[in-house]
**Student:** 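So that we are looking at the same thing, I have put the structure below in structure tokens.
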Amino acid sequence: MTKTVFVSNLDFKVKWFDLKDHFRPAGNIARAEIFTKNGGMSIGSGKVTFEDEQSAQNAVDMFNGTNFSGRTITVKLDVNDFQGRQVFVSNLSFKTNSQSLREAFSQFGELEKCFVVKDDNGYSRGNGIVRYVNGADAAKAIESMNGTNLDNRTIYVKLDEKI
């Protein structure tokens, strides 16, 4: 599950702090954001990240289809929130493929996605992405796999910070 909800059909005048105040009854909020185009003008959507997953679900249950600033808003769990579940694996052997990466990392939990990053010519860039269904499994993988040997190379595993 995710700690983030996506909110659409917002009035263009709504600011991040308005969004945060409106969603506060669902639970403790870590961050609220309004999506903007170049120049800072709202595009009528945003996201709210809560401190826990239950609060995000509460927000969907409490606010989806309700009126906020004169508009009926849509609130959904953000399926693109991979924070804490996706790991970056570097220093892979150029012989390592997505299947062998999957085999090495699946022992720590259910994988949602796993692949070796390739360049425009289809060659390995020497790193990969592993996304777990559960953040605790990602933490186990980092602790167990960082600094170990895979296909005769020492690999480095950390949370993916570029998501």
Side-chain angles (χ1 to χ4, degrees), residues 1-90 92 98 101-102 104-120 125 127-146 156-163:
M1 203 144 97
T2 178
K3 296 178 183 178
T4 304
V5 294
F6 178 77
V7 185
S8 60
N9 201 36
L10 290 169
D11 183 291
F12 295 132
K13 295 176 186 165
V14 170
K15 304 292 184 208
W16 70 267
F17 48 85
D18 299 323
L19 194 61
K20 188 172 184 177
D21 288 345
H22 186 74
F23 279 85
R24 189 168 280 124
N28 292 330
I29 297 171
R31 177 179 169 84
E33 178 181 0
I34 298 291
F35 300 136
T36 59
K37 16 179 176 175
N38 291 343
M41 185 174 191
S42 171
I43 62 170
S45 61
K47 68 181 182 177
V48 179
T49 302
F50 291 88
E51 291 181 5
D52 60 82
E53 295 171 348
Q54 185 57 54
S55 296
Q57 185 61 56
N58 291 347
V60 172
D61 296 341
M62 293 170 70
F63 296 112
N64 185 43
T66 62
N67 187 309
F68 177 43
S69 291
R71 299 188 71 153
T72 302
I73 59 172
T74 300
V75 182
K76 297 180 181 178
L77 292 174
D78 186 356
V79 295
N80 294 319
D81 180 22
F82 312 127
Q83 197 89 27
R85 299 187 299 124
Q86 184 163 296
V87 298
F88 180 76
V89 184
S90 62
L92 289 173
S98 294
L101 188 64
R102 178 176 290 280
F105 282 84
S106 64
Q107 64 184 307
F108 303 104
E110 184 180 351
L111 300 181
E112 188 174 294
K113 188 177 231 178
C114 180
F115 62 93
V116 171
V117 178
K118 297 184 178 185
D119 66 15
D120 292 338
R125 295 187 58 141
N127 54 58
I129 300 292
V130 180
R131 183 180 312 143
Y132 288 90
V133 170
N134 181 319
D137 296 338
K140 283 190 290 187
I142 292 167
E143 184 177 322
S144 300
M145 295 296 286
N146 187 44
Y156 302 99
V157 184
K158 64 179 187 171
L159 274 177
D160 190 354
E161 299 165 351
K162 295 186 178 182
I163 50 177

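Values reported hereafter were calculated over all heavy atoms of this structure, with side chains retained and with hydrogens, waters and symmetry mates removed.
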**Student:** Once you round to the nearest 0.5 Å, how far does CZ of F88 lie from CD1 of I142?
**Tutor:** 12.5 Å

**Student:** Evaluate the side-chain proximity of N28 to D52: yes if any heavy-atom separation is below 4.5 Å, no if none is.
**Tutor:** no

**Student:** Please answer whether the main-chain N or O of Q86 pairs with a side-chain N or O of R131 as donor and acceptor at a distance below 3.5 Å.
**Tutor:** no

**Student:** Between the side chain of N146 and the main-chain N/O of V157, is any donor-acceptor distance below 3.5 Å?
**Tutor:** yes

**Student:** Determine whether K140 and E143 make a side-chain contact, defined as any pair of heavy atoms from C-beta on separated by less than 4.5 Å.
**Tutor:** no

**Student:** What heavy-atom pair brings S90 and N127 nearest, and what distance separates the two atoms?
**Tutor:** CA-CB, 4.0 Å

**Student:** Over all heavy atoms of both residues, which pair between V5 and A59 is shortest? Give the atoms and the distance, please.
**Tutor:** CG1-CB, 4.2 Å

**Student:** Can you find a pair of side-chain heavy atoms, one from V87 and one from D160, that are under 4.5 Å apart?
**Tutor:** no

**Student:** Looking at K76, I want to see if its NZ is surrounded by more than 12 non-hydrogen atoms of other residues, nucleotides or ligands under 6.0 Å.
**Tutor:** no

**Student:** Considering only heavy atoms from C-beta outward, does the side chain of E110 approach that of N134 to under 4.5 Å?
**Tutor:** no

**Student:** For the residue pair L77 and V60, what are the closest heavy atoms and their distance?
**Tutor:** N-CG2, 3.8 Å

**Student:** How far does CD of Q54 sit from NZ of K3, to the nearest 0.5 angstrom?
**Tutor:** 13.0 Å

**Student:** Just verifying a value: how many Å separate L19 CG and R31 CZ, rounded to the nearest 0.5 Å?
**Tutor:** 11.5 Å

**Student:** Side-chain contact, heavy-atom cut-off 4.5 Å: V89 with F105?
**Tutor:** yes

**Student:** Which pair of non-hydrogen atoms, one from S42 and one from I34, has the smallest distance, and what is that distance?
**Tutor:** OG-CG2, 3.6 Å

**Student:** Kindly indicate whether the side chain of K20, heavy atoms from C-beta on, has any atom under 4.5 Å from the side chain of R24.
**Tutor:** yes

**Student:** Are E33 and W16 packed together at the side-chain level, in the sense that at least one heavy-atom pair is separated by less than 4.5 angstrom?
**Tutor:** no

**Student:** Hey, could you give me the CZ/OG1 distance between F12 and T36, rounded to the nearest 0.5 Å?
**Tutor:** 12.0 Å

**Student:** Strictly below 4.0 Å, N to O, side chains only: are K15 and D18 in salt-bridge contact?
**Tutor:** no

**Student:** Return yes if some donor-acceptor pair links the side-chain N/O of N64 with the main-chain N/O of V75 below 3.5 Å, else return no.
**Tutor:** yes

**Student:** Could you tell me the separation between the CG atom of D137 and the OG atom of S106, rounded to the nearest 0.5 Å?
**Tutor:** 11.0 Å

**Student:** Return the orientation label for the F23 and F68 ring planes: parallel under 30°, perpendicular over 60°, tilted otherwise.
**Tutor:** perpendicular

**Student:** Specify the closest pair of heavy atoms between T4 and T49, including all atoms of both residues, with the distance to one decimal.
**Tutor:** OG1-OG1, 3.0 Å

**Student:** Looking only at atom types and distance, does a side-chain atom of N9 sit under 3.5 Å from a main-chain N or O of T72, one as donor and one as acceptor?
**Tutor:** yes

**Student:** With side chains defined as the heavy atoms from C-beta onward, is the minimum distance between S69 and K13 less than 4.5 Å?
**Tutor:** no

**Student:** Could you pull out the closest heavy-atom pair between Y132 and V130, with the gap in Å?
**Tutor:** CE1-CG1, 3.6 Å

